[in-house]
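Everything below concerns the one structure shown next.
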2 protein chains.
Amino acid sequence: MGISKIDKMQNLSKNQQIIFDLIDKSSEPLKAYTILFNVQKKGIKAPLQVYRALDKLVEIGKIHKIESRNAFIACHNSSCQVAKATAFSICEICEKVTEISSAGLSKYLANFKDKDGMKYSKYNLEFFGLCKKCR
Amino acid sequence: MGISKIDKMQNLSKNQQIIFDLIDKSSEPLKAYTILFNVQKKGIKAPLQVYRALDKLVEIGKIHKIESRNAFIACHNSSCQVAKATAFSICEICEKVTEISSAGLSKYLANFKDKDGMKYSKYNLEFFGLCKKCR
DNA sequence: TAACACTATGTAATAATATAACATTTATAA
DNA sequence: TTATAAATGTTATATTATTACATAGTGTTA
Ligand SMILES: [Zn+2]
Ligand SMILES: [Zn+2]
Ligand SMILES: [Zn+2]
Ligand SMILES: [Zn+2]
């Protein structure tokens, strides 16, 4: 049994919850200043308030940063703890981003050994291509 | 037979060559403004001159961007054409970055199919952990 | 050569992304 | 309650990257 959505929901502070809700209901990755603009009516006025909430949400695995886009999406692997082992597909035309949840892939990467025999439990993988719609 | 170092060397413009040389001889990934600072004595004075050269060097595969660090390293896979299929290990303490060159890994990722059966020839993978020295 | 297309360069201004520093408040728990 | 950690508020600033426009070089071909 994984961590339920309810479990993951609690413990968020006010700003964290406001910002998570915005990201979670978004159909696309959101950038920090887009988030800032959209939560100003809720009293979050400064970049730092956004970045602090984002840092925390990333840390606890509720959102992920898409490094190549400087944008954030909610984690929809509600039943996994892969906050530190992430994989995404990114459409180079419409910029749609999808989190990849593949047991085979995560197993392969978690067990991958480099030339020194070193394993890595933490990684981020971004695939690029065209999504179904754009192909 | 792959592309030789000589082949890769030619065709660079003046600014591209200056900036590539700096990155290539660096023992660590370099950030754009660090590069700018270091090439000002050679007449490259503006950020845009640096970013344009970086864009081109990335495009032709002579350097790679480490997305999670906003920094650039020279490609040392001189005999491969994987400009668009990159993997790195990053030490979370000393920030040492190493390009991973594993036929097994690149084969696995190039053949990976997502839920829709989609394959991706382009990807970027960043592993995080501790390097030999820092372990 | 001349005309053309293409690539690269120079320069200034500005946009976008992210953090430092410091004061205060709120939540948690011994 | 007292102590501790976590979160917030605010201002200023640092870092990373692009827009816009003008100019110069390079190679191709009419
Ligand atoms: Zn996730
Ligand atoms: Zn698309
Ligand atoms: Zn490479
Ligand atoms: Zn290290």
Side-chain angles (χ1 to χ4, degrees), chain A residues 7-23 26 28-73 83 90 92 95 97 124 126, chain B residues 8-23 26 28-73 90 92 95 97 124 126:
Chain A
D7 287 336
K8 274 199 169 185
M9 276 303 198
Q10 62 201 10
N11 296 327
L12 293 190
S13 73
K14 180 169 139 281
N15 288 359
Q16 290 160 14
Q17 189 70 58
I18 290 169
I19 287 171
F20 174 72
D21 287 346
L22 181 71
I23 296 171
S26 171
E28 58 186 9
L30 295 179
K31 291 175 163 257
Y33 278 73
T34 302
I35 293 167
L36 176 58
F37 178 82
N38 280 284
V39 296
Q40 277 178 332
K41 49 185 172 290
K42 303 220 173 186
I44 296 174
K45 293 175 196 158
L48 191 49
Q49 292 174 289
V50 172
Y51 281 105
R52 282 195 287 222
L54 290 173
D55 285 349
K56 187 67 181 185
L57 291 167
V58 166
E59 183 192 328
I60 64 181
K62 292 202 54 94
I63 66 172
H64 303 301
K65 182 173 187 180
I66 309 301
E67 292 287 357
S68 67
R69 300 299 188 261
N70 297 319
F72 300 84
I73 66 170
I90 302 172
E92 291 182 294
E95 294 291 323
V97 173
N124 180 56
E126 298 180 4
Chain B
K8 276 199 170 182
M9 278 302 200
Q10 64 200 9
N11 295 329
L12 293 189
S13 73
K14 180 169 137 283
N15 288 0
Q16 289 160 14
Q17 188 69 60
I18 290 169
I19 286 171
F20 174 73
D21 287 345
L22 181 70
I23 296 171
S26 171
E28 59 186 7
L30 295 180
K31 292 174 161 257
Y33 278 73
T34 302
I35 292 168
L36 176 58
F37 178 82
N38 280 285
V39 297
Q40 277 178 331
K41 49 185 171 290
K42 303 220 174 185
I44 296 174
K45 292 175 199 159
L48 189 49
Q49 294 174 289
V50 172
Y51 281 105
R52 281 195 288 223
L54 290 173
D55 285 350
K56 186 69 181 184
L57 291 167
V58 166
E59 183 193 329
I60 64 181
K62 292 201 52 94
I63 65 173
H64 304 302
K65 183 173 187 181
I66 310 301
E67 293 287 356
S68 66
R69 299 299 187 264
N70 297 318
F72 300 84
I73 66 168
I90 302 172
E92 292 182 294
E95 293 292 323
V97 173
N124 180 56
E126 297 180 5

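Remember, it's a predicted structure, so these values are computed and weren't measured experimentally. So you know, we letter chains A, B, ... as the sequences are listed, proteins then strands, and number each from 1.
Rounded to whole Å, atom P of C:dA16 lies 15 Å from atom CD1 of A:Ile35. A:Asn70 places its CG atom 11 Å from the P atom of D:dT16, with the value rounded to the nearest Å. Residue A:Leu36 contributes atom CG, which lies 15 Å from atom C1' of C:dA15 at whole-angstrom precision. Rounded to whole angstrom, the span from the CZ atom of A:Phe37 across to the P atom of C:dA16 amounts to 13 Å. In this structure, the CZ atom of A:Arg69 is 11 Å from the P atom of D:dT18, given to the nearest Å. For the pair B:Leu54 CG and C:dT9 C1', the interatomic distance rounds to 15 Å; values are reported in whole Å. The interatomic distance linking B:Lys31 (NZ) with C:dT17 (P) rounds to 15 Å, in whole Å. Look at CD1 on A:Ile18: it is 14 Å from P on D:dA7, rounded to the nearest Å.
Using a 4.0 Å cutoff on non-hydrogen atoms, the parts of residues 39-51 of chain B near DNA chain D are B:Leu48, B:Tyr51, ordered by number.
The line from CD1 of B:Ile23 to CD1 of B:Ile35 is 4.0 Å long, rounded to the nearest 0.5 Å. Note that CG of B:Asp55 is 8.5 Å distant from CD1 of B:Ile63, once rounded to the nearest 0.5 Å. Within the model, atoms CG of B:Leu48 and CG of B:Leu36 stand 11.0 Å from one another, a figure rounded to the nearest 0.5 Å. For the atom pair CD (A:Gln49) and CD1 (A:Ile19), the distance works out to 8.0 Å, reported to the nearest 0.5 Å. Between A:Ile18 atom CD1 and A:Leu12 atom CG the span is 11.0 Å, to the nearest 0.5 Å. For the atom pair NZ of A:Lys42 and CG of A:Asp21, the computed distance is 7.0 Å after rounding to the nearest 0.5 Å.
A donor-acceptor contact under 3.5 angstrom links the side-chain atoms of B:Tyr33 to the base of D:dA17.
The nearest pair of heavy atoms linking A:Thr34 to A:Asn38 is O-ND2, 2.7 Å. Counting all heavy atoms, side chain and backbone alike, B:Glu67 lies closest to B:Glu126 at N-OE2, 2.9 Å. Residue A:Glu28 comes nearest to A:Ser26 through the heavy atom pair O-OG, 2.6 Å, listed as atom of the first residue, atom of the second, then distance. When every heavy atom of B:Leu54 is checked against every heavy atom of B:Ala32, the shortest pair comes out as CD1-CB, 4.1 Å.
You'll find the side chain of A:Lys65 reaches within 4.5 Å of the side chain of A:Asn70, heavy atoms only. At least one side-chain heavy atom of B:Ile90 sits under 4.5 Å from a side-chain heavy atom of B:Ser68.
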Protein-to-nucleotide contact annotation, 5' to 3' order, nucleotides 23-30 of chain C [B base; S sugar-phosphate only; - none; under 4.0 Å, heavy atom] | --------
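The side chain of B:Lys14 places no N or O atom within less than 4.0 Å of a non-bridging phosphate oxygen (OP1 or OP2) of C:dA8. OP1 or OP2 of C:dG10 lies within a sub-4.0 Å distance of a side-chain N or O belonging to B:Asn15. The phosphate of D:dA6 has neither OP1 nor OP2 within less than 4.0 Å of any side-chain N or O from A:Ser13. Side-chain N/O atoms of B:Lys56 include none lying less than 4.0 angstrom from OP1 or OP2 on C:dT7.
Consecutive Watson-Crick or G-U pairing (both distances under 3.5 Å) extending over three or more pairs maps onto DNA chain D as C:1-30 with D:1-30.
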